[in-house]
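Below: the structure, in structure tokens.
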Amino acid sequence: VERAEFVTYNVRVIGDESSAWEVDKRYSSFYDLHAALKHKYPGVQLPRLPSKKMFGNTDPEFIAQRQQALNVYLKKLAKSATVGRCELFMTFLATCDTGEPARSLVTVTDTRVPGSGAGAGA
């Protein structure tokens, strides 16, 4: 049986106290999260989830557009007083769909090199 091609979207999460990590998500996980949030919080106005597309969903231009739309979706959820800290959302942001653990990122809060007068990347 030949396995169908699918796309994973990289989600970079900036947490509290300069912590950051990345997880990979399939569109179906966003869809499932949205359905679960609608069920758990029926009175809450959720942001619009980008629509599902049956064909052409591996086109690079479509992927870039959907990535931007999913980014807006997640930012709006994160700002929600109800959803932003709920367990469903936190679990979504903490787990990869690939079975791999979330990748921790080193967050640099000050890039100045003492005595140089320039940033580390200059």
Side-chain angles (χ1 to χ4, degrees):
V1 175
E2 192 170 310
R3 190 166 182 206
E5 188 174 322
F6 62 88
V7 175
T8 57
Y9 296 91
N10 180 262
V11 177
R12 181 172 288 171
V13 182
I14 307 297
D16 296 331
E17 300 178 19
S18 301
S19 63
W21 63 94
E22 292 181 339
V23 293
D24 296 319
K25 294 289 185 180
R26 293 178 64 174
Y27 175 81
S28 60
S29 291
F30 286 90
Y31 187 87
D32 292 345
L33 171 67
H34 192 77
L37 290 172
K38 279 174 48 174
H39 179 73
K40 184 169 182 153
Y41 303 108
V44 173
Q45 179 77 28
L46 296 174
R48 189 181 143 281
L49 178 69
S51 60
K52 202 169 199 169
K53 185 175 180 181
M54 298 304 284
F55 301 101
N57 60 358
T58 58
D59 173 65
E61 187 175 321
F62 172 77
I63 292 169
Q65 289 173 348
R66 182 182 265 177
Q67 178 77 46
Q68 286 181 322
L70 291 172
N71 187 40
V72 169
Y73 174 76
L74 289 176
K75 284 182 177 185
K76 287 181 179 179
L77 286 179
K79 289 180 181 179
S80 166
T82 304
V83 176
R85 294 282 183 191
C86 81
E87 186 177 349
L88 279 171
F89 188 53
M90 292 290 118
T91 300
F92 177 86
L93 294 176
T95 57
C96 284
D97 287 353
T98 60
E100 298 175 15
R103 293 175 300 284
S104 181
L105 302 173
V106 175
T107 302
V108 178
T109 57
D110 188 353
T111 59
R112 287 178 285 139
V113 177
S116 72

Could you state the interatomic distance from [atom1] ([X]) to [atom2] ([Y]), rounded to the nearest 0.5 Å?
X: N10; Y: L70; atom1: CG; atom2: CG; value: 12.0 Å
X: H39; Y: L88; atom1: NE2; atom2: CG; value: 10.0 Å
X: R26; Y: Y31; atom1: CZ; atom2: OH; value: 14.5 Å

Side chain to side chain, [X] and [Y], heavy atoms closer than 4.5 Å:
X: F89; Y: L74; answer: yes
X: R103; Y: D24; answer: yes
X: L49; Y: L33; answer: no
X: V44; Y: L37; answer: no
X: I63; Y: Y9; answer: yes
X: P47; Y: V72; answer: no

Verify, without hydrogens or angle tests, whether W21 (side chain) and V11 (backbone) share a donor-acceptor contact under 3.5 angstrom.
->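 No; zero donor-acceptor contacts below 3.5 Å.
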Would you check if the side chain of R66 reaches a backbone N or O of S51 as a donor-acceptor pair within less than 3.5 Å?
-> yes
Which pair of heavy atoms, one from E22 and one from R12, lies closest together, and at what distance?
-> OE2-NH2, 2.6 Å
Minimum heavy-atom distance between C86 and Y41, given as atom pair plus value | CB-OH, 3.2 Å
Using a strict 4.0 Å threshold on nitrogen-to-oxygen distance, state whether D97 and K25 make a salt bridge.
-> yes
Across all chains, not counting sequence neighbours, the ring-ring contact (aromatic ring centres under 6.0 Å, His included) partners of F30 are F92
Test log, rule side chain to side chain contact (heavy atoms under 4.5 Å, CB included), inputs Y73 and R48 | CA-CA 7 Å; Y73 174 76; R48 189 181 143 281; over 6 Å; no
Around atom CD of Q67, are there more than 12 heavy atoms of other residues, nucleotides or ligands at under 6.0 Å?
->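 Yes, the 6.0 Å shell around CD holds more than 12 heavy atoms from other groups.
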